[in-house]
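Residue indices begin at 1 and follow the sequence shown.
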Amino acid sequence: MTNSLRAGVRRGGIELRHFLRNGKELFSHLTNVVVSLLVAAFLDDDVPGTRIPMTHLVLAGFAAYLLFQVGLINLPQILVTEREEGALLRLRATPGGIPAYLVAKCLLVVVVAVGTLALLLAAGALLVDGPLPRGPGDWLTLLWVTTLGLLAVVPLGAAIGAVLPNPREALALIMLPTMGLLLTSGVVFPITMLPVPVQQVAAVFPLKWMAQGLRSALLPDSARTAEVAGSWELPLVALVLTAWAVFGFLLAVPLLRRAARRESGSRLSVRRRRAERSGAQAA
């Protein structure tokens, strides 16, 4: 296990350097931050029942969504693409390859997600008077909610990536449920504005609790009146995110191993021929 961890950290460092040199990838994450700021900048109302600007609530929600997006949209796409290119096939011949691969992806996603979160909060504070933690306790809450939130979604994203079909279909299959959660988890408006059954469904998934935890770190206590329970429920936030983290890890490793076992040279050759034919037909 120690060797797998060490190998995963080395691989993660290499992948991170490649990511930082990829202008297209960097631009896509920057675009997400810009869109979030533009949406927040056009809001001038207060959160119902409070004197807190809606801009602050939306920026806190988008902070959670960007973490969620990196783990549950970007990571599965990466895994599906690399599977199509034969990465999982090569892992079959590497002792401890799957755990090391998962550690590397977790490291890459965590750094990207935390960097995106920091950029959003800093730019929001400078450009649209966005919220920031007000004291050591709020900074600590921001840290543990971010950590548990990523632990909840990164393994789940890896599990999803292990079972999705080719990259062209992966994004379409992921985006619809993700956008549904964006609209029902209290990210872009108070969750109390939604019907109770919708609130109950949203409470099953981690995004709702990630957004609620980040609101507790970024907004004043008076914002609690816009929450379903009238409080931040931080112990429940920690419990739900921890449960998703455990579930995700228990699911991700066997699914990645299964995907690797199913890979073969003949399957890879077939996929490459199909890709070549699709490229030729498109041309």
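Between W244 and V153 there is no side-chain heavy-atom pair separated by less than 4.5 Å. Between T184 and F205 there is no side-chain heavy-atom pair separated by less than 4.5 Å. In this structure, the side chains of L72 and I174 stay at 4.5 Å or more apart for every pair of heavy atoms. With a 4.5 Å cut-off on side-chain heavy atoms, L57 and P190 count as touching. Taking 4.5 Å as the limit, some side-chain heavy atom of L67 sits within range of a side-chain heavy atom of L150. Within the 4.5 Å cutoff, side-chain heavy atoms of T146 are placed close to those of L214. Between I160 and L255, every side-chain heavy-atom pair lies at or beyond the 4.5 Å cut-off. Taking 4.5 Å as the limit, some side-chain heavy atom of L120 sits within range of a side-chain heavy atom of L66.
Nearest approach of A63 to L117, heavy atoms of both residues: CB-CD1, 3.4 Å. Across all their heavy atoms, D46 and P53 have their closest contact at OD1-CA, 3.7 Å. Residues I73 and M175 approach most closely at CD1-SD, 3.6 Å, considering heavy atoms. Taking all atoms of both residues into account, the shortest heavy-atom contact from S185 to I191 is C-CD1, 4.1 Å. Contact detail for V103 and V9: the closest heavy-atom pair is CG1-N, 4.0 Å. Annotation for W209 and L241: closest pair CB-CD2, 4.3 Å, computed over non-hydrogen atoms.
Atom CZ of F42 is separated from atom OG1 of T55 by 11.0 Å, given to the nearest 0.5 angstrom. In this structure, CG on L234 lies 4.0 Å from OG on S216, to the nearest 0.5 angstrom.
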Return a table of donor-acceptor pairs under 3.5 angstrom between the side chains of residues 122-141 and protein atoms on other chains or two or more places apart.
residue	atom	partner	partner atom	Å
R134	NH1	L218	O	3.0
R134	NH1	L219	O	3.3
R134	NH2	D138	OD2	3.1
R134	NH2	L219	O	2.7
D138	OD2	R134	N	3.4
T141	OG1	G137	O	3.0

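R224 contributes a side-chain N or O that, together with a main-chain N or O of D221, makes up a donor-acceptor pair within less than 3.5 Å. When atom types are taken as modelled, the side chain of Q212 and the backbone of V237 share no donor-acceptor pair closer than 3.5 angstrom. R215 places no side-chain N or O within donor-acceptor distance of the main-chain N or O of M210, the cut-off being under 3.5 Å.
Cluster membership for V39 and M179, using ILVMFWY side-chain heavy atoms within less than 4.5 angstrom, is shared. Using a 4.5 Å cut-off between side-chain heavy atoms of Ile, Leu, Val, Met, Phe, Trp and Tyr, with links allowed through other members, L20 and F27 fall into different hydrophobic clusters. Cluster annotation: L16 and L26 are assigned to the same hydrophobic cluster (Ile/Leu/Val/Met/Phe/Trp/Tyr, side-chain heavy-atom contacts under 4.5 Å, transitive). Under the 4.5 Å side-chain heavy-atom criterion for grouping Ile, Leu, Val, Met, Phe, Trp and Tyr, L30 is connected to L121 within one hydrophobic cluster. In the hydrophobic clustering of this structure, V204 groups with L183; members are Ile, Leu, Val, Met, Phe, Trp, Tyr whose side-chain heavy atoms approach within less than 4.5 Å, directly or through other members.
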side-chain contact (heavy atoms from CB on, under 4.5 Å) evaluation trace for L151 with F249:
CA-CA 9 Å; L151 286 173; F249 273 107; 4.1 Å; yes
Show the numbers, then the answer: is there a side chain to side chain donor-acceptor pair (under 3.5 Å) between N32 and Q69?
CA-CA 10 Å; N32 291 332; Q69 181 185 53; 3.0 Å; yes
Evaluate side-chain contact (heavy atoms from CB on, under 4.5 Å) for V58 paired with L43, printing each intermediate quantity in order.
CA-CA 9 Å; V58 169; L43 299 172; 3.3 Å; yes
If you apply the rule side-chain contact (heavy atoms from CB on, under 4.5 Å), what do you find for E15 with K105, and how did you get there?
CA-CA 8 Å; E15 293 194 8; K105 294 306 177 191; 2.7 Å; yes
Pair F68-T178, side-chain contact (heavy atoms from CB on, under 4.5 Å): steps then yes or no:
CA-CA 9 Å; F68 187 78; T178 302; 3.9 Å; yes
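Remark: W232 engages no residue in a ring-ring contact (aromatic ring centres under 6.0 Å, His included) (not counting sequence neighbours).
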